Amino acid sequence: MRVKKAFYAYASQEKDVLQDIRSTIEAINQTNTVNITSWENLNIHGQFIYGKILEAIDKCDLFMCDLTTLNYNVLYELGYAIAKEKKIWISLNNVQRESEVNYRGLPISTVGYASYHNAQQLVDSFFSDMPHEQTSPIKLNPLRQDFDRSLVYLQCEYNTSASSKVTSILDKSIISIKRDDPYEGSQPLNWYLDILSSATGVIIHFHNQNSEKEKPLIAARKALIAGISRGLDLEMLILAHAPYQPPIDYHDDIKIHSSVQQCEAQLKDWLEPIVSSQSEKQEKFRGFKSDQKALNVLSNLIIGDYVAENESQDLIEYFLETAEYMEALKSQQILFVGRKGTGKTANLIKLKNAFSKDKRNFTISIQPQGHEFEGVLNILNDLASTSEKGHLIESIWKYLIYTEIAKEYYYYLESQPLHIGRSEEEDSFMDFVIQNERYINADFTLRLENIIQRLKSLSKSDSIEDQRLKVSEFLHDAMINQLRVYLGHVLYKNEKVTILIDNLDKSWSDNAELKQLSKLLFGLLNIVNKIKDEFNKQNYKQEKVNLSLIVFLRSDIFNRIMSYASERDKIPFMYLTWNEPRLLLRVIENRVKYSKTGVSSPDDLWQNFFCRTVNGKPLTTFIEELILPRPRDIVFLFKTALSEAINQGHTRVEEEDFQRAEYLYSEYALHSLLPENGGRIENLDYVLYQFAGEKSVLTYEELVSCLSTASEQPVDYLIKILCEMTFLGQEVQNGKFEYYSEKRPPQIIDKLAEKLAARKLSTKLYQINSAFHSYLEIERTEVAQLPK
């Protein structure tokens, strides 16, 4: 019988770990059970061994790797092995505290690992697991039709000028883009495998290796995905900011840039042939997609992506029109507030499409990167007068909005067919924009950066009059006033001009000065009123224009900055809430209906494609009790369950498919909390992992005991933040727990919990949200089970 081959990948930094692995390889090889080769066996003096490592992985039956440390070469090789459908066995020395935390932060936690303290334990684990015999490879989705391809884009963890340029270029490309944005949290392995199966290429953008800014876990995930992409033979572009010392495994594939211009050139050189090839396949794909939707089989159900940016085309077709959406259609000015995943971006996409369908309307969407406003905040700190800070903020917003309208309408006119003639007013407008091109016809990022550079000369020592003159000069007030006249002449025929603003909270950390941040937002809302009034005026110079504005903002940022609002009741805002379970189920029904399955009613849909019960509960009850009430969460759960059903060859999504999906969803839900933290809790992932194996209901004292060992920050502060994130709920009635939501202010929930504990002459009780139970292996307990 042939002795099976294995390849063991590991880092060389930790000498104790290195010696343990060497001893393990020697001990296992002596048994002739399996023949293990390591990278050290392939180390030829003076030669790169990258090709030989991949060749060894190709030939092996089992891929073994040690992830005690985050080694990018090892993760790249692991990704390559996954793509080649090799059996996987992972080892982890848990003497090092951070090893398990890092492992849980990678999208491979479903694979499992062998824990060890020494070589003998590692050998024993190997023969206990027998991975070369009993392990099954990770199943990949079959590659889809060649013309049904997207471009996968793993964004840089920081919104630098170079990364903003990459995003801008890709947004204007004809190719569909699937994004992995660190701001949105980490994605599970199945998500990557699914989108890579339909990818025409992959772009991975690293930040530099500045020790203060580098985020090792994000870079580690990218190394893993780079390996998977290489194993799938996808076209791949790896970009990195200088200075960057690339790992040897993808040393030859990486393009390091030291300027925006260099990054842009590297991207365009790589992208051009892909775009050219893809454009020839678009028409063919449309016919294929129509045929597939008519087949009425489980594999052709369209659940879509849980990140709105990744499904902007299909989303328009199956978007659920809620009361909040209908309100936005008729509002002149409104601020939408919601948690991540509640549909802010989805609403923006649908609203933009709805307004644009009517040719009498003109719609502009502004989605700045958060880091751009940090420079504005720094300038505000240099101004002594509060009134001048308000004047400066409003002036900046007015400049940005006027020039954005002008730029977009210029592009609109420029893109019109030649047989459509321009009016005299339109020609004059085009000439004016060209004359002021450096101030108008540039990306939002570049315009704002230019403002910041010019305004840096403002000083506290300047008089208020001098500051106002400088602001007026730097922001080209004379040009803006002229622009108002020109815009009126070309826009007055439009029924409605709508400005949609999103991403205002992106990359803003809690270290930012929230008071200044609030001034920035309120300045926007105030200037919109003034701009609306300006465009509503009509005289011998100016035409009247019907202008409206809709802003989207994350609720945790909104709630914190509102404490600085002097006239909160004057700010029109609306929460995006999904507290009605039936509404969330309609999100799924709309998507399945879009698949053209032929079902005549929602009841038929649930009977034909989904099981009736899970864990002894009706499917709808199982879902309601499990997920956080957000469209993103229910789409993730159903998409994952559907993928499990297809891989198992089921004709409908069965109970076991939802049970497997529950763990993956729980992992996703936990990781989705990290971006909402904003730096408030240090090492939040480590703090959350301390709850592993705990009871679902904890007394205040038990909570203190758990958290005091996980962080040096005040325990009550940690509890407050965990409640804000809805990781913890509080008992407000006997046996009834409530989580923070838009239903009522957090202060009321806190007070109800305190008064209940006082009436019961007992301590406060907290409950861990069911969404996180499966991943953390929380033991479900009832209040009655607790000791009195």
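Just so you know, these numbers come straight off a predicted model, no measurement behind them. The first residue in the sequence is number 1, and the count goes up from there.
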Can Ser38 and Tyr10 be counted as having a side-chain donor-acceptor contact under 3.5 angstrom?
yes

Partner set under salt bridge (charged side-chain N to carboxylate O under 4.0 Å, His left out) for Arg179, not counting sequence neighbours
Asp171

List the residues meeting ring-ring contact (aromatic ring centres under 6.0 Å, His included) with Phe63, not counting sequence neighbours, and say none if there are none.
none

Thr345: partners by side chain to side chain donor-acceptor pair (under 3.5 Å), with sequence neighbours left out:
Asp502

Residues passing the ring-ring contact (aromatic ring centres under 6.0 Å, His included) test with Phe7, sequence neighbours excluded, are none

Not counting sequence neighbours, which residues clear ring-ring contact (aromatic ring centres under 6.0 Å, His included) with Phe658? List them please.
Phe638

Hey, are Glu676 and Arg630 close enough for a salt bridge, meaning a charged N less than 4.0 Å from a carboxylate O?
yes

How far apart are the closest heavy atoms of Lys84 and Gly231, and which atoms are they?
NZ-O, 3.1 Å

Is Arg660 paired with Glu662 through a side-chain N to carboxylate O contact shorter than 4.0 Å?
no

Charged N to carboxylate O below 4.0 Å: is that the case for Asp180 and Arg221?
no

Report the residues that fulfil salt bridge (charged side-chain N to carboxylate O under 4.0 Å, His left out) with Glu55, sequence neighbours left out, ordered by chain and then residue number.
Lys59

Do NZ/NE/NH1/NH2 and the carboxylate oxygens of Glu317 and Arg591 come within less than 4.0 Å?
no

Can you classify the ring geometry of Trp89 versus Phe126 as parallel (below 30°), tilted (30 to 60°) or perpendicular (above 60°)?
perpendicular

Output yes when Asp249 and Arg230 qualify as a salt bridge under the 4.0 Å nitrogen-oxygen rule, no when they do not.
no

Once the angle between the rings of Tyr103 and Tyr113 is folded into 0 to 90°, is it parallel (under 30°), tilted (30 to 60°) or perpendicular (over 60°)?
perpendicular

Do Glu40 and Arg22 sit within salt-bridge range, that is, some charged N less than 4.0 Å from a carboxylate O?
yes

Which label fits Tyr244 and Phe206: parallel for a plane angle under 30°, tilted from 30 to 60°, or perpendicular past 60°?
tilted

Going by an N to O cut-off under 4.0 Å, is there a salt bridge joining Lys4 and Glu133?
yes

